[in-house]
Number of protein chains: 2
Amino acid sequence: MKRDPDSSKDLSAQIAAAIRDEIMSGKLIVDARLPSEAELAEHFAVSRPTVREALKRLAAQSLIRTQRGATGGAFVNRLSFEEAYGQQITTSTLLLSMNAVSFDVACEARFALERACAPLAAARRRPEHLAQMRREIARQSDPALSDEDFCASDVALHRALVDGSGNPVLSYHLAGAVEAMQPLMNMITFTARSRGAIIDLHSRITDAIEAQDAGSADTALCELADYTMTLGRDVMAARSTRAADHSRGTPD
Amino acid sequence: MKRDPDSSKDLSAQIAAAIRDEIMSGKLIVDARLPSEAELAEHFAVSRPTVREALKRLAAQSLIRTQRGATGGAFVNRLSFEEAYGQQITTSTLLLSMNAVSFDVACEARFALERACAPLAAARRRPEHLAQMRREIARQSDPALSDEDFCASDVALHRALVDGSGNPVLSYHLAGAVEAMQPLMNMITFTARSRGAIIDLHSRITDAIEAQDAGSADTALCELADYTMTLGRDVMAARSTRAADHSRGTPD
DNA sequence: TGAAAATAAATTGTCAGACAATTAGCTTCC
DNA sequence: GGAAGCTAATTGTCTGACAATTTATTTTCA
């Protein structure tokens, strides 16, 4: 375990990288205990605060966990699916919001991936997945629901569909794609008519999944993708029209 | 910007969470400068080392970057696709290696997602994507190539295919799925025969993408998925047979 | 006057040492 | 035997200091 001496990075970054390599290469296995902070400080010839900064970097990625007390220390953490979901969602959401990713591109990616899950979900969905989807459809049918909650329910329904594939790795990869769309969807104002259309498509998808009819599910998903993109384009068009009006001095 | 007072987490984790919320909610926009460490320490009523640990946590997730000097400080970082790829790959690789995910499950997820890219790639692939794929096929045809390099080239080919979809968000989501398979693929010993079969399928896929024939590309991808899973199952079978022999005391 | 050089100021990076809080294990006492 | 207390190890946090780096300002000199 050695840090790169002629690196331009911070000491704490170098040390974090050295330990990360040990973990990713399998030299440090799950639940293995790292040397104490004092020992690491001595080993790398740095001070304890510097070691601590390095450890916090690793903790931020859920690579280690720490425990106080006599038998405490830093331990290699088994990255759980839950933690991985969380990181996936954080990264995906920021990537989309910070890079001016167009609604169309994000939507295309999301539905392309979701369509990949549909056949598996149709084959393997279990009663709880169907129940979850029906529950969300019921929620969405409440006209008192705010646009934001409508989007949240939309996300929940789609995650249930993805989970129906019975492949946790697939669920993990899709988590970011589905959740990161929520902020973009929140820009849309859902009229009673558009809600009705979406709920109708959600019902068709759920019915198809229940009937294990992958073809119908795919068709409905494609229609939903088209419809969602249309809504997105309408918002963009309205926005640019308003901006143009503003620049010409037209009142609101 | 306030930290949760009755949280069981570390102070540095609470502060990191508070700042992360500000970034994710958009209150701190890209390139905005955070208060200096001394100011943050005063604001949160903690010491500077604690603030620094919090900032390192955020830096580990590429949420901020720091700069020394008079006009330096911590700035909200625009999460680039490159950085997001990296985090995606790290997380995916660890998730698979630490959770005893079966080869089949990981493989199924990967090919399901990749099949979702194929139609888009067939429609939009550009010459550089085809060239990259051909180049990797040529590399793979060299019998002197080690198994590890063969896998690396395999990953490179599939990433070129994914990038051919022309959707960077899709490429981002697939990066983890494709790259994280590499350690699992490395467990397989590729015979000349299996290499030939794989290269043949790679060629068919590339030809189909070049001909913009999404159907043929999908068929070849499915065959490749089946073949890869067969190889994986053979390895597992051989391994369990050997283990059983060992437990009965049979010599190697 | 203009440009180069020196200086000052602000900020992060690093260090040393200390004490608090927590936890496991051991010891002592009943 | 069990409960209470003590001890040791370890992480969590604080204080204060100095080094390194970068920008802005001032001074100096041609």
Side-chain angles (χ1 to χ4, degrees), chain A residues 1-20 22-23 28 31-77, chain B residues 1-20 22-23 28 31-77:
Chain A
M1 188 149 57
K2 267 200 122 45
R3 65 168 215 261
D4 185 4
D6 46 32
S7 166
S8 62
K9 289 186 295 187
D10 291 349
L11 288 178
S12 69
Q14 292 174 36
I15 292 167
I19 300 175
R20 181 164 30 237
E22 297 278 307
I23 295 174
L28 282 170
D31 292 333
R33 182 181 176 282
L34 273 62
S36 72
E37 295 177 356
E39 287 167 332
L40 287 172
E42 192 178 7
H43 176 84
F44 288 112
V46 298
S47 67
R48 220 188 115 207
T50 302
V51 166
R52 281 183 63 78
E53 287 178 9
L55 294 179
K56 294 311 169 200
R57 295 179 111 107
L58 300 176
Q61 298 179 296
S62 300
L63 266 70
I64 62 169
R65 60 177 187 280
T66 54
Q67 197 181 340
R68 294 223 272 210
T71 59
F75 299 85
V76 178
N77 190 43
Chain B
M1 188 149 56
K2 270 200 117 47
R3 65 170 216 261
D4 186 4
D6 46 34
S7 166
S8 62
K9 289 185 294 187
D10 292 351
L11 287 178
S12 68
Q14 292 174 36
I15 293 167
I19 298 175
R20 182 164 30 238
E22 296 278 306
I23 295 174
L28 282 171
D31 292 335
R33 182 181 177 280
L34 272 63
S36 73
E37 295 175 355
E39 287 167 332
L40 286 171
E42 192 180 7
H43 176 85
F44 288 112
V46 299
S47 67
R48 217 187 118 207
T50 302
V51 166
R52 281 183 62 81
E53 286 178 10
L55 293 180
K56 294 311 167 201
R57 295 181 111 109
L58 300 177
Q61 296 179 298
S62 300
L63 266 70
I64 61 170
R65 61 178 187 279
T66 54
Q67 196 181 339
R68 294 222 270 209
T71 58
F75 298 84
V76 178
N77 189 43

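So you know, we letter chains A, B, ... as the sequences are listed, proteins then strands, and number each from 1.
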Next item on the list: Could you tell me which non-hydrogen atom of B:Arg57 sits nearest to which non-hydrogen atom of A:Ala60, and how far apart they are?
Entry: O-CB, 3.4 Å

Next item on the list: Kindly compute the distance separating CD (B:Gln61) from CD1 (B:Ile23), expressed to the nearest 0.5 Å.
Entry: 9.5 Å

Next item on the list: Find the distance between NE2 (B:His43) and NZ (B:Lys2) and round it off to the nearest 0.5 Å.
Entry: 6.0 Å

Check: Roughly how far apart are A:Ile19 CD1 and A:Leu58 CG, rounded to 0.5 Å?
Finding: 5.5 Å

Notebook entry, point to check: Hey, what do you get for CZ (B:Arg20) to CD1 (B:Ile64), rounding to the nearest 0.5 Å?
Noted result: 10.5 Å

Next item on the list: Might you point out which heavy atoms bring B:Ser12 and B:Ala54 nearest each other, and give the distance in Å?
Entry: O-CB, 3.3 Å

Check: Do A:Leu40 and A:Ile15 touch side chain to side chain, with heavy atoms closer than 4.5 Å?
Finding: no

Item checked: Outermost DNA chain D nucleotides near chain B [under 4.0 Å, heavy atoms] -> D:dG12 to D:dT23

Item checked: Partner set under side-chain hydrogen bond (donor to acceptor under 3.5 Å, both in side chains) for A:Thr71, not counting sequence neighbours -> none

Next item on the list: Could you check which residues of residues 35-50 of chain A get a heavy atom under 4.0 Å from DNA chain C? Sort them by number, please.
Entry: A:Ala45, A:Val46, A:Ser47, A:Arg48, A:Thr50

Margin query: Let's see if you get this right: which residues in residues 52-62 of chain B place a heavy atom under 4.0 Å from DNA chain D?
Written below: none

Check: Do the side chain of A:Asn77 and the main chain of A:Arg65 share a donor and acceptor less than 3.5 angstrom apart?
Finding: no

Next item on the list: May I ask you to say what B:Arg33 touches in the nucleic acid, namely base, sugar-phosphate or nothing, with a heavy-atom cut-off under 4.0 Å?
Entry: sugar-phosphate

Item checked: Whether B:Arg52 side chain and B:Ser47 backbone form a donor-acceptor pair below 3.5 Å -> no

Note to self: Working to the nearest 0.5 angstrom, can you tell me the gap between A:Asp10 CG and A:Glu53 CD?
What the structure shows: 8.0 Å

Next item on the list: Give the rounded distance in Å between these two atoms: NZ of A:Lys9 and C1' of C:dT14.
Entry: 18 Å

Write out a two-atom table: protein N or O, nucleotide N or O from nucleotides 23-25 of chain C, distance below 3.5 Å.
unit_1: C:dT23; atom_1: O2; unit_2: A:Ala70; atom_2: N; d: 2.9

Next item on the list: Would you please name every residue forming a salt bridge (Lys or Arg N to Asp or Glu O under 4.0 Å) with B:Arg48, sequence neighbours left out?
Entry: B:Glu37

